[in-house]
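The structure appears below as structure tokens.
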Amino acid sequence: MENKDIIRQIKLYGSILELNGENSFKVRSYQNAVFNLERVKQPLKNLSLSELEKLEGIGKAIAAKIDEANQKGVFHQLQEILEITPKGVVEMLNIDGLGVKKVQTLWKEHGLESPEQLLDACENNQIATLKGFGEKTQENIRQSLIFFKSTSGKVRYPEAEFWAYNIKEYLQNINKSWQIEIVGAVRRQLEITDIIHLLVSTSEEEAVFKALDEADFLEKTLPSPSLFAWHGLIQDNKLKLVVRTCLPNRLVSEVFIHSASSAHLAYRALSQEKSLLQLAQSAVFENESAIYNAVELPYIEPEMREGYQELELAKEGKLPQLLKTEDIKGIIHAHSTYSDGKNTLEEMAKACKEAGYEYLGITDHSQTAVYANGLKDYTVKKQQEEIDKLNEKLAPFKIFKGIESDILGDGSLDYPENILQSFDFVIASVHSSLKMDIEKATQRLIKAIENPYTTMLGHPTGRILLRREGYPIDYEQIIEACAKHNVVIEINASPYRLDLDWRWVGLALKKGVKISINPDAHAAAGIEDVRFGVGIGRKGGLTAAQTVNALPLAEFEAFLKERKK
Ligand SMILES: [Zn+2]
Ligand SMILES: [Zn+2]
């Protein structure tokens, strides 16, 4: 079990204790434990009970629970309390803007036991009149609930990818001769998915379905064979799974058909009778390029097959040579223990160097982000002195002095000019007062983009996929402003954000705006998230030439110098 899973259990247990009216001293000890566990670097699963007890802020009782979770997957007190707490009430804890206290009031005083009941109550205007709620809170809760409803049964890309590869491996172990392909949204690297598609090329259809029937982590939902496919759910997360089989000579066509969006498949050249779909259905092809060539198009990479802009580009012969993960030369946007990161600056730099990168642009949080231990002016100075020393030690690897400056409510940056001046580059991001209408949000961002010290715009909408929608922005105006002021837009590569959304990358590129693929790493392991950002860039048609951190060190340095003038 990973640290984050254990932390989730401890956090949940503390919240449910609070929901059930347990004394505040006890509740606080769990919140405190979560705070401390988040700072533990070594894997908790490797620690013995006595080692766990020695961790800061972890008493005997909590250490025993972690130890039991390590052995059994979950500690029994959590299981017991979950049995006596309505499931819907626990679900309500996940709703943005509610918090334990409000959920407790809604449940204990007003008998609401599920998100559905709560949504009903909001829609009948019953929440606005409750003490401590009001009209505005009711509307916020209602919007969160609608968003929550729209996300159920969906997962972010890494989880979809994890299951797709696991199921493939499970099947492959049963029969080495089956050729198994991951198709659908996972092949297109879509940021959110509710269904996993696999294709197995074999004549032994029944054996494939039998293997799936017998997998203890799957649940069959339709009798097989229905349309030559096995339909089911992954028990863990209720994600839908469809596994199809086909004969080997049909594999190329079937992989093609089940990888692209329907808008892409509907494409038909003027001179032809058949759409891409009909063509693939009716003939045997040697490879996917041959299918495209049959409609006089060049090969289109799977990530782009959304029916979004790729068919136009292909027709005009303007398909880009897409960025690859290997093209990324430096890591931009990372946090260290100076603010809320888990690894020290030196550890982060060494991790980047060892992973083969030429530079790191460290960007801890700025002073207003108190919750994230944002840097005071004297800490900025201290960090920059450490960077100078490390740069001597780690050369030719280089650390650039950056900051992730909060964009304050009025759009200004978080430090006076003399401090801003000391950075090699500045990422400007919004982290607070996220409830804004489109006008307010757009103006706030534009003010920050106009600031001569802003090098990059960080996670433009503040969204957290499947958890928080993000504030609305006028993308066209924001992109226009970035083009005018030569500000780079980041694709935040954290799989929770993937913001700038890929649907807007094309417009940014057209306007000449450069992109940076930024992992926003809060620990050394987070550096690897870069690949998710590359996937999103590829979906938007991004090339290496348009990506600033695909520049080798000397050129990146020159780019920042030029930018600073
Ligand atoms: Zn941020
Ligand atoms: Zn950040």
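Just follow the structure's listing: the first ligand is 1, and inside any ligand the first atom is 1. The first residue of the sequence shown is numbered 1, and numbering continues consecutively from there.
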Check: residues 411-418 side-chain donor-acceptor pairs under 3.5 Å, at least two apart:
unit_1 : atom_1 : unit_2 : atom_2 : d
Ser412 : OG     : Asp410 : OD1    : 2.6
Asp414 : OD1    : Thr368 : OG1    : 2.4
Asp414 : OD2    : Ser366 : OG     : 2.6
Asp414 : OD2    : Gln367 : N      : 3.2
Asp414 : OD2    : Thr368 : N      : 2.7
Asp414 : OD2    : Thr368 : OG1    : 3.0
Tyr415 : OH     : Gln367 : N      : 3.2
Tyr415 : OH     : Leu375 : O      : 2.5
Glu417 : OE2    : Tyr453 : OH     : 3.4

Show the atom names and distances, to 0.1 Å, of all donor-acceptor pairs under 3.5 Å that link a side chain in residues 33-40 to residues at least two apart or in another chain.
unit_1 : atom_1 : unit_2 : atom_2 : d
Asn36  : ND2    : Asn32  : O      : 3.0
Asn36  : ND2    : Asn32  : OD1    : 3.4
Arg39  : NH1    : Phe35  : O      : 2.7

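Checking His522 against the Zn ion (ligand 2), every N/O/S atom stays at or beyond the 2.8 Å cut-off.
Atom NZ of Lys238 is surrounded by more than 12 heavy atoms from other residues, nucleotides or ligands within 6.0 Å.
Checked against the Zn ion (ligand 2), the N, O or S atom of His335 at the shortest distance is NE2.
A distance-only check finds no donor-acceptor pair linking the side chain of Thr193 to the backbone of Ile195 [under 3.5 Å].
Taking distances strictly below 2.8 Å, the protein N/O/S atoms close to the Zn ion (ligand 1) are Glu404 OE2, His431 NE2, His459 NE2.
In this structure Lys342 satisfies the salt bridge (Lys or Arg N to Asp or Glu O under 4.0 Å) test with no other residue, sequence neighbours excluded.
Inter-residue side-chain proximity for Arg305 and Arg187 is flagged as met; some heavy-atom pair is nearer than 4.5 Å.
Between Phe400 and Phe425, a ring centre-to-centre spacing not shorter than 6.0 Å is recorded.
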